[in-house]
Amino acid sequence: MIWDAWGVPAGHTPLPERLRRLLAQVFGVSGEPVARRAEDEVPVRVSALGAEDRAGLAAVVGAAGVDSGDRARLRHAGGKSTPDLLRRRADGPQDAPDAVVTPADHDEVLQVLAYCADRGIAVVPFGGGTSVVGGLDPIRGRFGSVVAVDLRRLDALTEVDPVSGTATFGAGLTGPRAERLLARHGLSLGHFPQSFEFASIGGFAATRSSGQASAGYGRFDDMIQRLIVATPTGTLDLGRAPASAAGPDLRELFAGSEGTLGIVTAVTLRVHPAPETVTYQGWSFPDFAAGAAALRRVVQTGAAPTVLRLSDEAETGLNLARAGDIGGNPVGGCLAVTTFEGTADHVAARSAEAYALLAAAGGTALGEQPARDWEHGRFAAPYLRDALLDVGILCETLETATGWSDLARLKAAVTSALTEELTAQGTPPLIMCHISHTYPTGASLYFTVVAKQADDPIAGWQRAKRAAGDAIVADGGTITHHHAVGADHRPWLTAEIGELGVRVLRAVKDAVDPAGILNPGKLIP
């Protein structure tokens with residue numbers, strides 16, 4: 001990906017002139033893009049990894065597997081959150097890992113970790129580089145140097161079991177490559193988070209990722225059958241059956257461990273036949289409360305589509321700016337999209353049941369075009385975020401989840417906290433929200449925040465993020481539903497799991513990583 005933005009150059013386009021004029025009117029910005037530095041013009045912090053350690057690591061992975069050049073280090077300098085990108089666009093030297101190490105297999109990962117533990121070198125596991133919560137920050141902690149361990153070479157589909165419906169992947173496989181390899185067997189994983197185009201299988205596991213089709217296929221941690229994990233003290237091979245009563249399920253401990261307890265090197269996952277057919281349907285509801293109640297009814301009835309999403313009024317207004325294209329009439333209220341995948345008979349039966357439920361709950365069917373439009377642009381939002389950053393507009397997201405009975409209160413609390421803090425910094429923000437994932441007992445809330453950048457935009461967003469995080473905790477939501485904890489959400493983890501829960505995590509870390517080299521400053525308070 002581009003070193004100071006999301007994705008690849010082909011995905012980036014300038015904002016339309018009419019949108020730049022609107023931004024200038026609403027937020028008081030010029031609307032003119034600010035030039036960014038070329039990659040080879042950016043100074044990078046001098047590597048602190050000595051020649052002896054470079055040679056020691058090269059003895060494990062080969063000379064070509066240890067890169068301490070500025071370009072490689074800069075491309076592993078962190079993730080892709082708005083603060084990450086603002087830091088990269090700031091003047092001055094960029095912080096970065098002291099080298100990038102690319103092991104070829106599980107055994108080399110083990111040896112790298114053993115070497116780094118012995119030499120006191122911090123390790124940041126690196127998959128696709130898509131973290132938006134500071135999970136890839138090159139934090140050294142008490143160590144003199146830090147290396148990024150890039151898993152790109154662990155990129156094979158090593159086993160397919162069509163009878164059991166499972167497949168085993170190297171942790172470095174990206175989402176698109178995994179789907180292409182499965183397609184040769186007539187199979188699909190069906191995990192499509194917004195980071196899908198660049199994120200890795202190991203990263204999905206390490207962060208408890210949740211894809212846009214989670215209503216149909218479940219979260220990524222639901223799909224995990226087996227994990228192979230390298231730690232500084234040895235290998236963990238976890239999961240030998242679909243379910244077990246052999247004590248606590250350690251897969252659950254390492255899924256979501258964010259590289260602090262070990263490096264996931266291989267994952268066996270539940271897969272399914274590639275869908276025979278897909279149907280699409282858009283819906284309009286008079287307001288967010290009515291739409292949420294309709295989604296709840298569908299999910300609790302057991303008629304959930306593969307994809308089930310609901311945008312609030314603000315997000316609907318933005319997404320349907322061209323609403324005249326839908327049936328020739330503008331659409332107000334709140335937009336929901338549904339898709340169904342599977343065999344023709346399965347899709348027909350499930351979609352008919354959901355259609356009846358949504359209509360009975362006050363929904364107006366809009367035809368398939370809104371859902372097709374959403375699917376067509378579902379991976380493009382980060383590119384728009386970057387274009388907004390270029391013209392002085394802050395755009396960032398955050399997410400949470402709670403029970404259905406608390407959903408409206410939590411949405412109002414987070415919206416109020418963000419609005420109050422950002423308005424105090426200058427221009428009132430635009431706060432949008434959608435339900436992105438649903439469960440019988442509750443749902444997630446995904447917020448998008450658009451505001452004029454403060455004089456110090458990183459500090460300004462940190463204050464807004466703190467206000468939102470405090471509101472989430474105070475109102476009983478989870479501090480993160482699928483973005484993970486990283487460094488950014490770490491201050492709230494104790495409030496979520498308690499002091500005893502933190503001690504449990506620390507005890508596990510002491511057992512598998514006694515030197516404390518794995519991803520310092522992330523997850524564990």
T235 and T265: CA distance, side-chain angles, deciding distance, side-chain contact (heavy atoms from CB on, under 4.5 Å) verdict: CA-CA 10 Å; T235 295; T265 60; over 6 Å; no

Might you work through the side-chain contact (heavy atoms from CB on, under 4.5 Å) test for T279 and E368, ending with a clear yes or no? CA-CA 8 Å; T279 64; E368 67 176 26; over 6 Å; no

Applying side-chain contact (heavy atoms from CB on, under 4.5 Å), run through T13 and Y383 and close with a yes or a no. CA-CA 8 Å; T13 57; Y383 289 107; over 6 Å; no

Criterion side-chain contact (heavy atoms from CB on, under 4.5 Å) on S311 and C334, from CA distance to verdict: CA-CA 6 Å; S311 295; C334 293; 5.9 Å; no

Verdict with supporting geometry, D222 and R219, salt bridge (charged side-chain N to carboxylate O under 4.0 Å, His left out): CA-CA 5 Å; D222 297 327; R219 295 165 57 92; 5.4 Å; no

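Atom OG1 of residue T260 and atom NZ of residue K522 lie 9.5 Å apart, to the nearest 0.5 angstrom. Atom OG of S210 sits about 11.5 Å away from atom OH of Y446, to the nearest 0.5 Å. Rounding to the nearest 0.5 Å places CG of L269 at 6.0 Å from CD1 of I201. Remark: D475 CG to T400 OG1 distance equals 9.5 Å, nearest 0.5 Å. To the nearest 0.5 Å, the span separating SG on C433 from CD on E399 amounts to 11.0 Å. In this structure, NE2 on H437 lies 7.0 Å from CZ on R309, to the nearest 0.5 angstrom.
Considering only residues two or more places apart in sequence or on other chains, R177 meets the salt bridge (Lys or Arg N to Asp or Glu O under 4.0 Å) condition with none of them. Partners of T338 according to the side chain to side chain donor-acceptor pair (under 3.5 Å) rule, which considers only residues two or more places apart in sequence or in another chain, do not exist here. In this structure K509 satisfies the salt bridge (Lys or Arg N to Asp or Glu O under 4.0 Å) test together with D513, sequence neighbours excluded. With sequence neighbours left out, the ring pair (Phe, Tyr, Trp, His ring centres under 6.0 Å) criterion links Y217 to H272. Residues satisfying the side chain to side chain contact (heavy atoms under 4.5 Å, CB included) test with D386, not counting sequence neighbours, are A5, W6, H12, L85, R89, L389. With sequence neighbours excluded, no residue satisfies ring pair (Phe, Tyr, Trp, His ring centres under 6.0 Å) with F169. Taking the ring pair (Phe, Tyr, Trp, His ring centres under 6.0 Å) definition, one finds that Y280 meets it with nothing, sequence neighbours left out. Partners of D312 according to the side chain to side chain donor-acceptor pair (under 3.5 Å) rule, which considers only residues two or more places apart in sequence or in another chain, are K411.
L295 is not listed as a side-chain neighbour of R297, based on a closest heavy-atom distance of 4.5 Å or more. The shortest side-chain heavy-atom distance between L182 and L189 falls under the 4.5 Å cut-off. In this structure, the side chains of I435 and L308 stay at 4.5 Å or more apart for every pair of heavy atoms. Inter-residue side-chain proximity for C395 and T448 is flagged as met; some heavy-atom pair is nearer than 4.5 Å. Counting heavy atoms from C-beta on, the side chains of P440 and V299 come closer than 4.5 Å. When side chains are defined from C-beta on, L357 counts as touching T301, because their heavy atoms get closer than 4.5 Å. Residues S209 and P193 meet the side-chain proximity criterion, which asks for heavy atoms closer than 4.5 Å. Between L358 and F285 the shortest side-chain heavy-atom distance falls below 4.5 Å.
Not one N or O on the side chain of E341 forms a donor-acceptor pair closer than 3.5 Å with the backbone of V278. D84 places a side-chain N or O within 3.5 Å of a backbone atom of S81 that can act as its donor or acceptor partner. In this structure, the side chain of W283 does not engage the main chain of G362 through any donor-acceptor pair within 3.5 Å.
Scanning both residues, A365 and Q281, for their nearest heavy atoms gives CB-OE1, 3.8 Å. Between A471 and A413 the shortest heavy-atom distance is CB-O, 3.9 Å. Nearest approach of V264 to A171, heavy atoms of both residues: O-CB, 3.1 Å.
Neither side chain, Q212 nor S436, offers a donor N or O lying under 3.5 Å from an acceptor on the other.
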Would you tabulate the side-chain donor-acceptor contacts of residues 344-352 under 3.5 Å, counting partners in other chains and residues two or more places apart, or write 'none'?
| residue | atom | partner | partner atom | Å |
| --- | --- | --- | --- | --- |
| R350 | NH2 | A304 | O | 2.5 |
| S351 | OG | V347 | O | 2.6 |
| S351 | OG | A348 | O | 3.3 |

Would you list the atom pairs, donor with acceptor, under 3.5 Å between side chains in residues 252-259 and any protein atom, with sequence neighbours excluded?
| residue | atom | partner | partner atom | Å |
| --- | --- | --- | --- | --- |
| E252 | OE1 | R208 | NH1 | 3.3 |
| E252 | OE1 | R208 | NH2 | 2.9 |
| S257 | OG | F254 | O | 2.7 |
| E258 | OE1 | G486 | N | 2.6 |
| E258 | OE2 | V485 | N | 2.8 |

Pair up each side-chain donor or acceptor in residues 153-160 with any protein partner under 3.5 Å, not counting sequence neighbours, and list the distances.
| residue | atom | partner | partner atom | Å |
| --- | --- | --- | --- | --- |
| R153 | NH1 | T102 | O | 2.8 |
| T158 | OG1 | T168 | O | 3.3 |

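Centroid-to-centroid, the aromatic rings of H482 and F204 stay 6.0 Å apart or farther. Aromatic ring centres of F288 and H434: separated by at least 6.0 Å.
Annotation: side-chain hydrogen bond (donor to acceptor under 3.5 Å, both in side chains) contacts involving residues 236-245, sequence neighbours excluded, comprise R226-D237.
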